[in-house]
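Atoms within each ligand, like the ligands themselves, are counted from 1 in listed order. Quantities reported herein were computed from a predicted structural model and do not represent experimental measurements.
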Amino acid sequence: MAPAIKNAPAAPTAAATTTQPKKPLSIGTALPYETRTAMHLKGLVPSAVEDFSAQEARAYEQLKTKGTDLEKYIFLSWLRNTNLNLFYRLVLGNLKEIAPIIYTPTVGQACQEFSHIYPFLAPPSSVDGLYIPLNEVDNIDEIIANYRASIPEGCEPETTVITDGSRILGLGDLGMNGMGIPVGKLQLYVAAAGLDPTRCLPIVLDFGTDTPKYLDDPLYLGIRQKRPEDAEFYAATEKVLNGLTKAFPGIFIQFEDFNTPHAFGLLEQWRNKILCFNDDIQGTGSVILAGFISAIKLAGIPARDHRILFVGAGSAGVGVAKQLVDYLVLEHNIPEDEAKAMFWFVDSRGIITSNRGDKLADHKVYFARHDNGDTQCKDLEEALEYVKPTALIGLSTIYKAFSERILTRMNEINTKARPIVFPLSNPKTKAECTFEEAMRYTNNRVLFASGTAFPEYTIPETGELRVPGQGNNMYVFPPIGLGAKLAKPTKITDSLIFAVSRSLSNTLSQEEIARGELYPRIERIRETSAQVAAAFVHQAVREGLAQDQYWIDLVNANPASSATSEIPDGTYSQAVLEQVSQRMWAPAESAQQLLAPKLKL
Ligand SMILES: NC(=O)C1=CN([C@@H]2O[C@H](COP(=O)(O)OP(=O)(O)OC[C@H]3O[C@@H](n4cnc5c(N)ncnc54)[C@H](OP(=O)(O)O)[C@@H]3O)[C@@H](O)[C@H]2O)C=CC1
Ligand SMILES: CC(=O)C(=O)O
Ligand SMILES: [Mg+2]
C-alpha cells in the first residue's frame with residue numbers, strides 16, 4: 001500500500017464535485033457581456049444577449065413542436081432539470097396549458113412509461129429525488145447522506161411527497177414507476193404556492209409491485225419482487241420516516257397514492273407524531289368540500305335535504321365523505337348520525353350495507369347503511385333508483401360509469417334542485433364522465449366538478465360558454481404545504497383541513513360565483529393559494545399548533561375578523577396574507593437577479 005502523504009489534498013468527494021458552482025450555460029444567452037467575462041463564459045455561449053422572455057418564447061416554441069403530450073412531458077422534465085428558472089417561468093406563464101402535462105392526465109401516462117423514459121427526463125448528473133428500495137431501508141442514513149452530498153448547501157428539503165406507487169391515480173399498482181407522481185405534485189407546490197423548488201424532495205419507496213406487466217418488463221427499473229406483507233411494509237416505512245425526520249427535522253411529509261388500507265394505516269400511525277398529511281384522504285376531502293359548499297348554495301334546496309351517493313369507497317371516497325359530514329355537523333348543526341345518514345356508497349359489490357354478507361374493510365364500516373332492510377343494490381343503476389340522490393360523486397376509477405342513462409336519470413330525479421355530478425377519478429381515462437356529457441344529459445343544469453380538467457362547453461342552443469370546475473387536490477395541498485412551512489405546526493389536524501376548505505370556497509370571485517362556477521379559475525391559483533395558506537396560518541395559531549414565533553405574533557397582532565368563531569371558517573387578516581404572499585418563491589426576472597446572490601452583484 002502506498003504510504004499516506006501528510007497533508008495531501010483530500011480526493012474530491014461527491015459533495016465537493018457536485019456542489020461546485022456550475023457554469024450557467026443554459027441561462028448564458030441572457031447574461032450581459034461583462035458578466036460572461038467575469039464568469040469565464042466568453043466563447044462558451046452564442047454571442048447574442050437576450051432576456052428571459054426571449055428564452056421563454058423559445059422554450060414555448062419548442063414545446064409546441066412536440067407531437068404528443070408524453071413528448072411534451074419529457075421536454076418539460078429536461079428543461080426543469082437544466083434550467084429551473086426558465087421552466088417555472090414557462091409553467092406560470094402557461095399554467096392552464098401546462099398543468100395537464102406535468103400533472104394529471106399526462107403524468108399518469110408518464111408513470112406507466114416511467115422505466116422507458118427515465119434516462120431522457122434529466123441529464124445524467126441530475127438528482128431528481130430518492131429511490132429507496134425495500135432491501136436498503138436499513139441503510140436509510142447512507143441514502144440520505146448521499147442525497148445531502150448531491151445538493152448545494154442550504155437546500156435541505158423542507159417538503160417531501162412520498163409514494164410507494166401502489167395506487168397511482170386510478171391506474172393501479174405501478175411500482176417504482178409511480179415516482180412521476182411525487183415529482184409532479186412537487187412542481188405544483190412550487191407553481192401554485194411558491195415553495196422553494198430547490199427544497200422539494202420527491203421520494204418513491206421501491207417496495208416491489210404486484211403488477212405482472214411491470215415485473216415482466218425487461219426495462220422495468222424497480223426491484224423485481226412482489227410487495228411485502230403488512231408487517232414488513234410498516235416496519236420498512238417506519239425506518240424511512242424515522243431516517244428522514246431525523247435528518248431533516250420539521251420536514252413536511254405528504255403521503256401520496258398508497259393503496260387505500262396503507263393510506264389510512266400510515267395516516268393513523270403518523271398523524272400525531274410528525275408533520276404529515278395524506279393528500280388522497282385529507283387533501284381530496286378538503287378540496288371537494290370546498291366545491292360542495294359552493295354547489296349546495298347553488299343547488300336550490302336546503303343542505304339537510306341532500307342525498308349524496310358516492311361511487312367508490314376507497315381512500316378518496318371515504319376521505320371526502322368524512323369532510324362533508326364534518327361540514328354538515330359544524331356548519332348546518334345537523335347531528336352526526338343524521339348527517340351520516342345523508343350518504344350512501346357503492347363499491348365494486350354494490351351499495352355498502354352492514355348486512356351485505358361480506359366483511360367490510362375497516363374504512364367502509366362508518367358509512368355502511370343499517371336501514372336497508374332486505375334491500376341490496378348490486379350496482380350504481382340500482383342504487384340510483386333506490387337512493388334518488390341529489391349529488392353523485394365518482395371516485396371509483398370506472399371510466400364512463402356515469403353513462404347517458406345515469407346522467408339522464410339524475411336530471412329527471414332532481415326537478416327541484418340542480419343535480420350535482422362530480423366525476424373525480426383520474427386520469428381522464430378513468431373519469432366517470434366528461435363535462436360535455438354531464439351538460440348534455442342534464443339539460444345543462446348540472447353543477448359539475450371533475451378530477452382532471454375538461455374543455456369548456458358551449459351550449460349549442462344559446463351559445464353560452466360554461467367552464468367546468470376542477471375538483472382536484474392541487475387547489476389545497478400546495479397552500480397546506482406553504483402554511484406548514486411558515487407556521488410550523490406540530491401536526492395537521494382535521495380542523496386545519498376544514499379551515500382550508502372554507503377558505504378555498506371563499507376565494508371564488510363575484511364573476512365566478514355569478515357564472516355558477518365551483519372552483520376558482522386555475523389561472524388564479526397563486527392568488528388563491530396565498531389566501532388559503534394565510535387561512536391555514538391563522539388556524540394553526542388559533543389552535544395553538546404553530547411553533548414559529550413570527551407568525552404567532554403576527555396573527556395575534558392581526559386577528560381575522562371572525563377570530564372568536566368556534567368553527568374554523570377560513571378567514572385571515574390582510575397583514576398575514578401580505579406576509580405569506582411575500583414569501584412565495586417566484587422565478588427571477590433577469591439573469592442578474594438570478595445570479596445576484598452567487599455573484600454578489
Ligand atoms: N380529484 C382528486 O383530487 C382525486 C381523485 N382521486 C381519484 O380517485 C380514484 C379512487 O382513488 P382511491 O379511493 O384512493 O382508490 P381505491 O382503489 O381505493 O378506490 C376505488 C373504489 O372504487 C370502487 N369500485 C371499483 N369498481 C367499481 C365499480 N364497478 N362500481 C362501483 N365502485 C367500484 C372500489 O370498490 P372496492 O372497495 O370494492 O374495491 C373502491 O371502493 C382514483 O381514480 C384517483 O385518481 C384520488 C385522489 C384525489
Ligand atoms: C389527484 C390525486 O391525488 C389522485 O388522483 O390520486
Ligand atoms: Mg393522489
Around ligand 1, what residues show up once you keep those with a heavy atom under 4.0 Å from it?
-> R167, L169, G170, T260, D280, T284, V311, G312, A313, G314, S315, A316, V346, D347, S348, K364, L395, S396, T397, I398, L424, S425, N426, G451, G471, N472, N473

Atoms named by residue and atom, protein N, O or S, within reach of the Mg ion (ligand 3) (under 2.8 Å) | E256 OE2, D257 OD1, D280 OD1

Pick one of side chain, backbone, both or neither for how R167 approaches ligand 2, counting any non-hydrogen atom pair under 4.0 Å.
-> side chain

Below 6.0 angstrom between ring centroids: does that apply to H262 and F255?
-> no

State whether the side chain of T106 and the backbone N or O of I102 hold a donor-acceptor pair below 3.5 Å, judged by distance alone.
-> no

Just by distance, with hydrogens left out, do R445 and N411 show a side-chain donor and acceptor under 3.5 Å apart?
-> yes

Near Y103 (heavy-atom distance under 4.0 Å), the atoms of ligand 2 are 1 (C)

Any chance the side chains of S505 and S294 put a donor and an acceptor closer than 3.5 Å?
-> no

Check the side chains of N372 and N355 for a donor-acceptor pair under 3.5 angstrom, ignoring hydrogens and angles.
-> yes

Can we say R227 and D164 salt-bridge, meaning some charged N sits less than 4.0 Å from an Asp/Glu carboxylate O?
-> yes

Using a distance-only test with no angle check, is there a side-chain donor-acceptor pair under 3.5 angstrom linking T209 and D173?
-> yes

F345 six-ring face occupied by K364 cation (under 6.0 Å, within 45°) | no

Under 3.5 Å, is there a donor-acceptor pair linking the side chains of E432 and S396?
-> yes

Counting each atom of ligand 2 from 1 as listed, which ones have a heavy atom of D279 under 4.0 Å away?
-> 3 (O)

In ligand 2, which numbered atoms sit nearer than 4.0 Å to a non-hydrogen atom of E256?
-> 3 (O)

With heavy atoms under 4.0 Å as the rule, classify the contact between T104 and ligand 2 as side chain, backbone, both or neither.
-> neither

What part of T284 sits under 4.0 Å from ligand 2 if we count only heavy atoms: the side chain, the backbone, both or neither?
-> neither

Mind checking whether F292 and Y327 have ring centres under 6.0 Å apart?
-> no

In this structure, which one of I492, L241, T159 forms a side chain to side chain contact (heavy atoms under 4.5 Å, CB included) with I253?
-> L241

Any donor-acceptor pair under 3.5 Å from D347 side chain to R349 backbone = yes

When distances are taken from atom 5 (O) of ligand 2, the protein heavy atom at minimum range is N426 ND2, 2.8 Å

If you count the atoms of ligand 2 from 1 in the order shown, which ones are under 4.0 Å from a heavy atom of D257?
-> 6 (O)

Do the numbers put K340 on top of the ring of Y366, so that NZ or CZ is under 6.0 Å from the six-membered ring centre and no more than 45° off the axis?
-> yes

Numbering the atoms of ligand 2 from 1, which are under 4.0 Å from a heavy atom of K185?
-> 1 (C), 2 (C), 3 (O)

With distance as the sole test, does E512 use its side chain to make a donor-acceptor pair with the main-chain N or O of S509 at under 3.5 Å?
-> yes

Show which atoms of ligand 2 fall inside a sub-4.0 Å distance from at least one heavy-atom site of D280.
-> 2 (C), 3 (O), 4 (C), 6 (O)

Among F454, F422, F448, ring-ring contact (aromatic ring centres under 6.0 Å, His included) partner for F435 = F448

Could you list the atoms of ligand 2 found under 4.0 angstrom from a heavy atom of N472?
-> 1 (C)

